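Presented below is the structure to which this report refers.
Residues: numbered from 1 along the sequence shown. If you're wondering where the values come from, they're calculated on a predicted model, not measured in any experiment.
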Amino acid sequence: MLVVGIVLLILASFLHCWYGVNSRMPVGHAAGAFFRWGSGIVVAAMAILIVGLGFIWGGSSFLWLIVGLIVYFAVLPFIFTPLLERIYRPAPPGVLSHAGRSASDAEWAKVTGLNEPVRDHPVAKDFWLQLYLLLQNASESGDDCVDVQAGELHRRTGWYPGPTHRMPVCCRVMREEMRDGDTVLDEPEKGAGASLTIRYRLPRPED
């Protein structure tokens with residue numbers, strides 16, 4: 001049982017490292033199985049690992065189980081990863097990898113709130129997203145500036161007009177997006193209201 005457990009542990013580590021190395025390759029350059037099964041490969045590796053550890057524990061002792069875990073996480077990756085990287089070369093600096101794209105997608109989902117429960121009012125990132133899209137679309141159209149009114153931005157975002165509007169938050173987002181060269185064309189006496197209008201210079205400095 002101990003030998004079977006060790007073999008399964010090595011197989012699980014190989015699959016885990018194979019997936020990790022492929023995820024660091026440039027987008028579109030990974031092995032076909034990586035696209036076909038995706039993270040299911042890691043799930044399979046963990047399942048094989050659990051079975052292998054069960055064999056190791058049943059065939060020896062709890063101490064060998066601990067040793068197996070240490071070997072899996074701290075020894076085998078340093079053996080398999082360099083060998084696999086000779087075949088599946090990591091993306092060079094400045095080139096997007098599969099892992100990088102996954103991280104970017106996860107960050108975008110967090111920013112846009114795609115995975116959040118339905119809310120009954122907007123939050124700052126809702127306004128930021130709509131403002132970002134307005135600026136991006138105007139920039140792609142070749143405009144040198146775009147005028148954004150708080151009331152219109154809130155309507156695009158939703159919840160306005162209505163009792164759960166967050167106009168002060170909307171106006172704050174608009175002001176915080178201002179950079180050198182941007183101009184406030186109109187603003188209410190209290191500083192935050194639907195009439196607040198800002199002219200944003202394009203392209204944006206960070207572009």
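Between the side chain of Thr164 and the main chain of Asp120, a donor-acceptor pair closer than 3.5 Å is present. Judged purely by atom type and a 3.5 angstrom limit, Arg119 has no side-chain atom pairing as donor or acceptor with the backbone of Glu116. Put simply, the side chain of Ser104 never gets that close to the backbone of Gly100: no donor and acceptor are under 3.5 Å apart. For His165 (side chain) and Pro163 (main-chain N/O), no donor-acceptor pair under 3.5 Å exists by modelled atom type. Looking at Tyr200, its side chain does come within 3.5 Å of a backbone N or O of Met174 through a donor-acceptor pair. Of the possible donor and acceptor atoms, none in the side chain of Ser139 sits under 3.5 Å from a partner among the backbone N and O of Leu135. Of the possible polar contacts, one joining the Asn22 side chain to the Ala31 backbone as a donor-acceptor pair under 3.5 Å is found. Judged purely by atom type and a 3.5 angstrom limit, Ser141 uses its side chain to pair as donor or acceptor with the backbone of Asn137.
Between Leu196 and Val184, some side-chain heavy-atom pair lies under the 4.5 Å cut-off. Side-chain contact between Leu129 and Trp108: present, with at least one pair of heavy atoms (C-beta onward) separated by less than 4.5 Å. By the 4.5 Å heavy-atom criterion applied to side chains, Phe73 and Ser13 are not counted as neighbours. Side-chain contact check for Leu53 versus Leu65: some heavy-atom pair is nearer than 4.5 Å. When side chains are defined from C-beta on, Ile10 counts as touching Phe80, because their heavy atoms get closer than 4.5 Å.
Nearest heavy atoms, Gly193 versus Pro188: N-CG, 3.3 Å. Between Leu15 and Ala45, the shortest heavy-atom contact is CB-CB, 4.0 Å. Nearest heavy atoms, Pro26 versus Pro92: CG-CD, 4.4 Å.
Using cut-offs of 30° and 60° for the angle between ring planes, the His16 and Tyr72 rings count as tilted. In this pair, His98 and Phe34 present their aromatic rings tilted. The plane angle is within the 30 to 60° band.
Cluster membership check: Met1 shares its hydrophobic cluster with Ile66, using side-chain heavy-atom separations under 4.5 Å among Ile, Leu, Val, Met, Phe, Trp and Tyr. One hydrophobic cluster, built from ILVMFWY side chains closer than 4.5 Å, cannot hold both Leu63 and Leu2; they sit in different ones. Note on Phe78 and Val67: separate hydrophobic clusters, where clusters join Ile, Leu, Val, Met, Phe, Trp and Tyr whose side-chain heavy atoms are under 4.5 Å apart, directly or indirectly. Cluster annotation: Phe14 and Ile56 are assigned to the same hydrophobic cluster (Ile/Leu/Val/Met/Phe/Trp/Tyr, side-chain heavy-atom contacts under 4.5 Å, transitive). Residues Val169 and Met178 fall within the same hydrophobic cluster, defined by Ile, Leu, Val, Met, Phe, Trp and Tyr side chains chained together at heavy-atom separations under 4.5 Å.
Counting heavy-atom neighbours within 6.0 Å of Trp128 CH2, excluding the residue itself, gives a total above 12. No more than 12 heavy atoms of other residues, nucleotides or ligands shown are found within 6.0 angstrom of CD on Glu189. When the shell of 6.0 Å around NE2 of His29 is examined, it contains 12 or fewer heavy atoms from other residues, nucleotides or ligands. Counted within 6.0 Å of CH2 on Trp64, heavy atoms from surrounding residues, nucleotides or ligands total 12 or fewer; the atom is thus considered open. Surrounding OH of Tyr160 are more than 12 heavy atoms belonging to other residues, nucleotides or ligands, all under 6.0 Å away.
Salt bridge annotation for Asp182-Arg175: absent, with no cationic side-chain nitrogen under 4.0 angstrom from a carboxylate oxygen. Look at Glu177 and Arg172 and you find no salt bridge, because none of the NZ, NE, NH1 or NH2 atoms lies under 4.0 Å from a carboxylate O.
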Could you give me the CA-CA distance, side-chain angles and deciding distance for Leu49 and Leu8, then say whether side chain to side chain contact (heavy atoms under 4.5 Å, CB included) is met?
CA-CA 6 Å; Leu49 172 63; Leu8 290 176; over 6 Å; no
Carefully, step by step, assess Trp18 and Tyr88 under the rule side-chain hydrogen bond (donor to acceptor under 3.5 Å, both in side chains).
CA-CA 9 Å; Trp18 182 89; Tyr88 306 102; 3.2 Å; yes
Might you work through the side chain to side chain contact (heavy atoms under 4.5 Å, CB included) test for Asp147 and Ile198, ending with a clear yes or no?
CA-CA 6 Å; Asp147 297 345; Ile198 297 176; over 6 Å; no
Test side chain to side chain contact (heavy atoms under 4.5 Å, CB included) on Cys171 and Met167 and set out the steps.
CA-CA 6 Å; Cys171 293; Met167 186 60 72; 4.1 Å; yes
Checking side chain to side chain contact (heavy atoms under 4.5 Å, CB included) for the pair Leu131/Leu153: CA distance, chi angles, key distance, verdict?
CA-CA 7 Å; Leu131 179 57; Leu153 178 61; 4.3 Å; yes
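Summarising the geometry, atom OG belonging to Ser23 is positioned 10.0 Å from atom CD1 belonging to Ile41; distances are rounded to the nearest 0.5 Å. Rounded to the nearest 0.5 angstrom, Arg166 CZ and His121 NE2 are separated by 4.5 Å. Between the CG atom in Leu76 and the CG atom in Leu11 there is a gap of 11.0 Å [rounded to 0.5 Å]. For the atom pair Arg199 CZ and Leu185 CG, the distance stands at 5.0 Å (nearest 0.5 Å). The distance from the CE atom of Met25 to the CG atom of Leu84 is 11.0 Å, given to the nearest 0.5 Å. A distance of 8.0 Å separates CG of Leu9 from CG of Leu69, quoted to the nearest 0.5 Å.
Looking at residues two or more places apart in sequence or on another chain, you find no salt bridge (Lys or Arg N to Asp or Glu O under 4.0 Å) involving Arg201.
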